[in-house]
Number of protein chains: 2
Amino acid sequence: METTKNTRGRGRPRRFDPDEAVATATQLFHARGYDAVSVSEVTEALGINPPSFYSAFGSKLGLYTRILDRYAGTDAIPLADILRPDRPVAECLAALLEDAARRYAADGGAAGCMVVEGTRCSDAEAREAARAYNLAAEEAIRAFIAARHPRQAEQVTDFVATTMFGLSAKARGGHGLDQLLATARLAASAIGPALAE
Amino acid sequence: METTKNTRGRGRPRRFDPDEAVATATQLFHARGYDAVSVSEVTEALGINPPSFYSAFGSKLGLYTRILDRYAGTDAIPLADILRPDRPVAECLAALLEDAARRYAADGGAAGCMVVEGTRCSDAEAREAARAYNLAAEEAIRAFIAARHPRQAEQVTDFVATTMFGLSAKARGGHGLDQLLATARLAASAIGPALAE
DNA sequence: ATAATTTTATAATGGAAACTACAAAAAATA
DNA sequence: TATTTTTTGTAGTTTCCATTATAAAATTAT
């Protein structure tokens, strides 16, 4: 269960598990965003003191990169499962938007996509870190579309990505699951015709 | 040209025009967002000292409300001109999205909609101020649709608003005019069928 | 001119942010 | 048991933030 068990070197042992700390801090950053969460809030939530925090993560940005990395593996949309080469492209993209709507719906105060929201924060380095993950996801979508609809790949990818940004923003603004799903489906209805041209 | 000319009371005269100051500060807040702009940056850009700022605007939030008010009158989308009772609803909403795409395209570093971006800042009061303007705009759109398509008004308004949030976010993220326009048109293509149901 | 009024410039103030110096504490090794 | 290593807790530091106290300057009214 513990992935960062330090082969137990000598020194005084840690009183907290960094992986658990990352999971806990994820909730904070997802719920309120990188800018609005202070290191003191994190250390308080974790029950540790600043030096322990900095020795484990190096900086606020260091924690954030670990959070993003973990998020990509556990909470992010499973693109590989949704974008299937054996199903119609439009159908897969509809499933993608629907999955986004479901995930983004407020779930204990943490609405929207943490990566998408991260691309809009004020700290330049944190923003770029989040943008890298977002860019990778968009590239995957683009490549999936291009395999069968190369001419429309750019435009449809932009549309899907824009819709996802909108869904994330509206989820944060208070839209509920039903509203997000209806919007996702309405958006999806434009994709089939666009790919047929 | 000057709207705040103080009927020239007695005291020492102002060395700056508050209305001009609001216009100048608008660029800063639009380009970088409420959170990221500090009062010292504003006073420096205006060439004034903090006491002059606070005597004229009361607080950072006070300036922001004046900025939002001005923006609504000059830079915001002219809903009354675009949502015409004598043209098909779908056509008007397509024009609305296209107008948004054009306005949001980066224009000297200030991309996206200032109100939309303002609804996502960390300061609670500033966020609520921006949300009020955004809500008013969405209500206007909803009422326009409801007049002829009451059954679909909620859903289509949500879709249009979500698309506008996405366009604003993508404009800030670097999408150019062509990309934004193509996305706006693709989104618009879903509206006609949705209203026909 | 003198008084009243308002804005100005200088220089703080208090608070919160990210981060760190330092020494005591807790473990492994020798 | 003594040494080495790492983490811990306390208590800072520095920097930036929004905001303000104070008194001099510039204007109108008397």
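Quick caveat, the model's predicted, so the values are computed rather than measured. Proteins get letters first, then strands, A, B, ... in listed order; numbering begins at 1 in each.
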Report task. Run the numbers on Asp19(B) and Arg66(B) for salt bridge (charged side-chain N to carboxylate O under 4.0 Å, His left out), then give the verdict. Result -> CA-CA 9 Å; Asp19(B) 287 333; Arg66(B) 288 198 49 177; 3.1 Å; yes
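Side-chain atoms of Glu138(B) and Thr157(B) form no donor-acceptor pair, as typed in the model, at a separation below 3.5 Å.
Among all heavy-atom pairs drawn from Leu177(B) and Ala101(B), the shortest one is CD1-O, 4.0 Å.
Rounded to whole angstrom, the span from the CG atom of Asn49(A) across to the P atom of dG12(D) amounts to 15 Å. Between the C1' atom of dA26(D) and the CZ atom of Arg12(B) lies a distance of 5 Å, rounded to the nearest Å.
Within a 6.0 Å radius of CD in Glu139(B), more than 12 heavy atoms belonging to other residues, nucleotides or ligands are found. A 6.0 Å sphere centred on CG of Asp107(B) holds no more than 12 heavy atoms belonging to other residues, nucleotides or ligands.
In terms of phosphate contacts, Ser52(B) brings no side-chain nitrogen or oxygen within less than 4.0 Å of OP1 or OP2 of dT7(C). Remark: Arg14(B) is in phosphate contact with dT7(C), judged by side-chain N or O atoms under 4.0 Å from OP1 or OP2. Taking 4.0 angstrom as the limit, Arg15(A) places none of its side-chain polar atoms (N or O) nearer than this to OP1 or OP2 of dA26(C).
Across all strands shown, Phe16(A) has heavy atoms under 4.0 Å from sugar-phosphate atoms exclusively, and none from any base.
The aromatic rings of Tyr64(B) and Phe29(B) lie tilted to each other, with the angle between the two planes from 30° to 60°.
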Report each atom pair, protein N/O against N/O of nucleotides 14-21 of chain D, whose distance is under 3.5 angstrom.
from: dA18(D); atom 1: OP1; to: Val39(B); atom 2: N; distance (Å): 3.4
from: dA18(D); atom 1: OP1; to: Lys60(B); atom 2: NZ; distance (Å): 3.1
from: dA18(D); atom 1: OP2; to: Val39(B); atom 2: N; distance (Å): 2.8
from: dT19(D); atom 1: OP2; to: Tyr54(B); atom 2: OH; distance (Å): 3.1
from: dT19(D); atom 1: OP2; to: Lys60(B); atom 2: N; distance (Å): 3.0

Dump every N/O contact between nucleotides 28-30 of chain C and the protein below 3.5 Å, one line per pair.
from: dT29(C); atom 1: O4'; to: Arg10(A); atom 2: NH1; distance (Å): 3.4

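Think of Val116(B) as one node in a network of Ile, Leu, Val, Met, Phe, Trp and Tyr side chains linked at under 4.5 Å; its network also takes in Leu186(A), Ile77(B), Leu79(B), Ile82(B), Leu83(B), Val89(B), Leu93(B), Leu96(B), Leu97(B), Tyr104(B), Ile141(B), Phe144(B), Ile145(B), Val156(B), Phe159(B), Val160(B), Met164(B), Phe165(B), Leu167(B), Leu180(B), Ile191(B), Leu195(B).
Contact check on Glu41(B) versus Arg32(B) returns a salt bridge, with a Lys/Arg side-chain nitrogen under 4.0 Å from an Asp/Glu carboxylate oxygen.
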